[in-house]
Novice: 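Quick one: structure below, then a few questions.
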There are 2 protein chains.
Amino acid sequence: MLGWEDIRAEVLRRIRARDWPPGALIPGEEALAEEFGVARATVNRALTSLAEAGVIERKKRAGTRVAELPVRRARLEIPVIRLDVLGRGLPYDFKLLADRLAPAPVPVTARLGLPEGTPMRKLETLHLAGGRPFVLETRWLNPAVLPVPLPDFAQVSVNEWLVTHVSLVSGDIAFTAEPASPREAEVMGVVPGTPLLVAERTTQGTGGPVTWVRLAHAPGHRVAMTF
Amino acid sequence: MLGWEDIRAEVLRRIRARDWPPGALIPGEEALAEEFGVARATVNRALTSLAEAGVIERKKRAGTRVAELPVRRARLEIPVIRLDVLGRGLPYDFKLLADRLAPAPVPVTARLGLPEGTPMRKLETLHLAGGRPFVLETRWLNPAVLPVPLPDFAQVSVNEWLVTHVSLVSGDIAFTAEPASPREAEVMGVVPGTPLLVAERTTQGTGGPVTWVRLAHAPGHRVAMTF
DNA sequence: TTGGCTAATATGTCTAGACATAATGCAAGT
DNA sequence: ACTTGCATTATGTCTAGACATATTAGCCAA
């Protein structure tokens, strides 16, 4: 018997084969259901899935059409750094370089939507892969929204503790290429000005803005995605 | 009446509120259906959606549990460069800098899974935003899988023509930070060695490997995603 | 103790039918 | 010509019930 995944595959095949070229209106659910000999709900399941993937566009009354400029979506799975390192077959370790309470700089408070000069906890962590610098993490934490008790961040990586102890609701991440600052160069053992892949993230939790973090990756780092 | 999105929202709320902490087994579909006064299929729709989002993990017979280390997934929407530029409120233009047939270098053929030395078409395109260099695109095309007739790539951007004329099946994309080569520096009007955000993509089509492309972005470029 | 079979169980999927909702296009009235 | 409103239609969602399938716990035998 045909399942919704079979229907999905067949519809996708026809789109790729240009039986149904970009922009074309494809048959309605009822018609497809009859053609494949399944219930309409099964066709709906298949088409819903294709719509989520951006391959088709569906509108009530107007029908379903093949996307004109199919939006290609790549999914990035953001791992806990420890698992990222272990996944590369290297032993993981980290060092807490700094930990202090201070008024957060404007770019940080602005992105998080906090008032200027809010006191936040600044943590600087160097993540090591096989003993070599892997990522330099500069993080500003909003103490107001953290559950107590806080652990000793020299023992437990902030990165990991946050994931398991704070419910993260939403956030964003941006990648840029930046020259290593003198400080970064020293800590990571590279020449100042070396291009580093930098990821900048802000995260919101249920109780409000949680953290802003900048991850400066060692030279040569690749962030890979599949689509 | 409660819809599947309401169920989804309520379950998510309970997980965030730690009524059901990470690792916990949540009630079965039948039980939830009864609690909310809906059919099991409706609960299933909600939970399936949460599972796709990585919030819960489901196994037959074992039940549904809250994910221990919730995988955070960010979705990157890869736009056609023209739309990316226009979306930033700048006028778009491009220049075809080079176009020749040559044996593709090993890194390219290797990634695409083609035999060494396969003759491919190399296209170098400079994309401009508001008259200033935006992205330098270096592309190797596999002529064997392209539909005829080919357009004049000085008139039509390869980027865009591919999206509408070739069915792209799968691919991968990777970001790195690299120093501008002398050639790149000259074309983009920057100092050699300037950190550039580089995206490298390979794409497979129905007929086989289609293209390998390297996009070197102007300094300061950000690739942003939300999760 | 260990290995393998079996029954129980939770999720996965399907059906057939129903009603909800949004968007379109035509028709009527201004 | 223009607007308003209504009927039409395709998708969206729900229900109740059924069978499929994976996985586990427990039992029994070697």
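In what follows, every chain begins at residue 1, and chains take the letters A, B, ... in the order their sequences are listed. The model shown is predicted, which means the values in this text are computed figures rather than measured ones.
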Novice: Which is more 5' along DNA chain C, the nucleotide nearest A:Ala62 or the one nearest B:Glu30? Just name the residue.
Specialist: B:Glu30
Novice: Tell me the interatomic distance from A:Glu5, atom CD, to D:dA20, atom C1', rounded to whole angstroms.
Specialist: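 So the CD-C1' distance, A:Glu5 to D:dA20, works out to 14 Å.
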Novice: For A:Asp6 and C:dT13, what is the distance between atoms CG and C1' respectively, to the nearest whole Å?
Specialist: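 Atom CG in A:Asp6 sits about 12 Å away from atom C1' in C:dT13.
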Novice: Hey, what's the ring geometry for B:His127 with B:Phe94, parallel, tilted or perpendicular (30° and 60° as the breaks)?
Specialist: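 Tilted.
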Novice: Indicate yes or no: does B:Glu52 engage B:Arg58 in a salt bridge with an N to O separation below 4.0 Å.
Specialist: no
Novice: Does the gap between the ring centers of B:Phe175 and A:His221 come in under 6.0 Å?
Specialist: no
Novice: What's the spacing between B:Leu32 CG and B:Arg14 CZ if we round to 0.5 Å?
Specialist: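 Between B:Leu32 CG and B:Arg14 CZ, I get 7.0 Å after rounding to 0.5 Å.
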Novice: May I have the step-by-step check of side-chain hydrogen bond (donor to acceptor under 3.5 Å, both in side chains) for B:Arg222 and A:Thr176, ending in yes or no?
Specialist: CA-CA 5 Å; B:Arg222 288 171 72 87; A:Thr176 53; 5.5 Å; no
Novice: Could you check how far NZ of B:Lys60 sits from C1' of C:dA8, rounded to whole Å?
Specialist: 15 Å
Novice: Rounded to whole angstroms, how far apart are CG on A:Leu25 and P on C:dA23?
Specialist: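 After rounding, the reported distance stands at 16 Å.
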Novice: Might you point out which heavy atoms bring A:Leu69 and B:Leu83 nearest each other, and give the distance in Å?
Specialist: CD1-CD1, 3.7 Å
Novice: Rounded to the nearest Å, what distance is computed from the CD1 atom of residue A:Ile26 to the P atom of nucleotide D:dT9?
Specialist: 19 Å
Novice: Output the residues of residues 40-52 of chain A in contact with DNA chain D, where contact means a heavy atom of the residue under 4.0 Å from an atom of the strand; sort by number or write none.
Specialist: A:Arg40, A:Asn44
Novice: Do any side-chain nitrogens or oxygens of B:Thr64 fall under 4.0 Å of OP1 or OP2 in C:dA10?
Specialist: no
Novice: To the nearest Å, how far apart are A:Glu29 CD and C:dT15 P?
Specialist: 13 Å
Novice: For the CG atom of A:Leu76 and the CZ atom of B:Arg73, what is their distance to the nearest 0.5 Å?
Specialist: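 Separation between the atoms: 11.0 Å.
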Novice: A:Arg61 has an atom CZ; how far is it from atom P of D:dT9, in whole Å?
Specialist: 7 Å
Novice: May I have the distance from B:Trp4 (atom CH2) to D:dT15 (atom C1'), rounded to whole angstrom?
Specialist: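 So the CH2-C1' distance, B:Trp4 to D:dT15, works out to 17 Å.
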Novice: Output yes when at least one side-chain N/O atom of A:Lys59 is less than 4.0 Å from OP1 or OP2 of C:dT24, else no.
Specialist: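 Affirmative; the distance criterion is met.
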